[in-house]
Amino acid sequence: MGHPELDVIEELANRGLFRERDLTHRKISIDWLNTARMIGRIQKHGRGVWGHSRYKPTRYELAQIRLPNLVFWGPSALWLLGAEAQEPASLWVAIANKSRPPRSLDVSTVIIRTRNLERQLRSHRPEGRLITLRVHDRERARADVERSDLPRLLQRAA
């Protein structure tokens, strides 16, 4: 006898990552997560974030799933879009001007606020990944890098 709750969890895991709240929206108890983990279908990838047991998410995917409205900007956007060869050591994210600062990101993350968060935005799914990322396009990312005092922002984040 199958359990439809486990089928829903597996469906969510096959899409990449999902949050515990995705289960509560479907009126499924989060207690089913431990059952699915014990039988090897899923694994935990951080506070409230789960995924398929064979899937290894990137730090970009983890940030995006935790904060769906954030946008990768500047150095992170350029690297994700293939305009830079080397991945930046810190995550560079932008949030809306009126948003609360995220508490669930790594302390080295550089966060800026912008009134124009949605301007020059594109959806980007890196090859071989399951989660679509929100990224500023190359032109805006380059302009943001040229306009910003990156060393000062890095120092402030540390």
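Keep in mind that this is a model prediction, so the values were computed, not measured.
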* Euclidean distance, Leu80 CG relative to Arg138 CZ, rounded to 0.5 Å -> 11.0 Å
* Transitive ILVMFWY cluster of Val71 at side-chain heavy atoms under 4.5 Å: who else is in it? -> Leu117, Leu121
* Asked: By the rule that ILVMFWY residues connect when side-chain heavy atoms come within less than 4.5 angstrom, directly or transitively, which residues belong alongside Ile39?
  -> Leu6, Val8, Ile9, Leu12, Phe18, Leu23, Ile28, Ile30, Trp32, Leu33, Ile42, Trp50
* To do: May I have all residue pairs that pass salt bridge (charged side-chain N to carboxylate O under 4.0 Å, His left out) and include part of residues 4-29, sequence neighbours excluded?
  => Glu10-Arg41, Glu11-Arg15, Glu11-Arg26, Arg19-Asp22
* Under the salt bridge (charged side-chain N to carboxylate O under 4.0 Å, His left out) rule, what pairs show up with a residue in residues 87-110, not counting sequence neighbours? -> Arg59-Glu87
Min side-chain heavy-atom separation [X]-[Y] under 4.5 Å:
X      : Y      : result
Asn97  : Thr114 : no
Leu17  : Glu61  : yes
Arg134 : Glu118 : yes
Lys44  : Val49  : no
Lys56  : Gln43  : yes
Pro101 : Ile111 : no
Ile131 : Pro57  : no

* Sequence neighbours left out, what passes side chain to side chain donor-acceptor pair (under 3.5 Å) with Gln64? Give chain and number order. => none
Hey, does the side chain of [X] reach the backbone of [Y] with a donor-acceptor pair shorter than 3.5 angstrom?
X      : Y      : value
Tyr55  : Asn14  : no
His45  : Leu62  : no
Arg115 : Ala96  : no
Asp137 : Arg140 : yes
Ser108 : Ser90  : no
Ser148 : Asp144 : yes

* Asked: Step by step, would you call His124 with His136 a side-chain contact (heavy atoms from CB on, under 4.5 Å)?
  -> CA-CA 9 Å; His124 175 69; His136 283 144; over 6 Å; no
* Asked: Run the side-chain contact (heavy atoms from CB on, under 4.5 Å) check on Leu81 and Arg122 step by step: do they pass?
  -> CA-CA 10 Å; Leu81 297 172; Arg122 64 178 284 202; 3.4 Å; yes
* **ring pair (Phe, Tyr, Trp, His ring centres under 6.0 Å) involving Tyr60 - partner list, sequence neighbours excluded** => Phe72, Trp79
* **Ion pair Glu84/Arg142, N-O distance below 4.0 Å** => yes
Restricting to non-hydrogen atoms, name the atom on [X] and the atom on [Y] that form the minimum distance, rounded to 0.1 Å.
X      : Y      : answer
Ala141 : Ala77  : CB-CB, 3.8 Å
Leu70  : Ala63  : CD2-O, 3.7 Å
Leu67  : Pro102 : CD1-CB, 3.2 Å

* To do: Evaluate the criterion side-chain contact (heavy atoms from CB on, under 4.5 Å) for residue pair Val93 and Leu105; output intermediate values, then yes/no.
  => CA-CA 10 Å; Val93 300; Leu105 295 176; 4.2 Å; yes
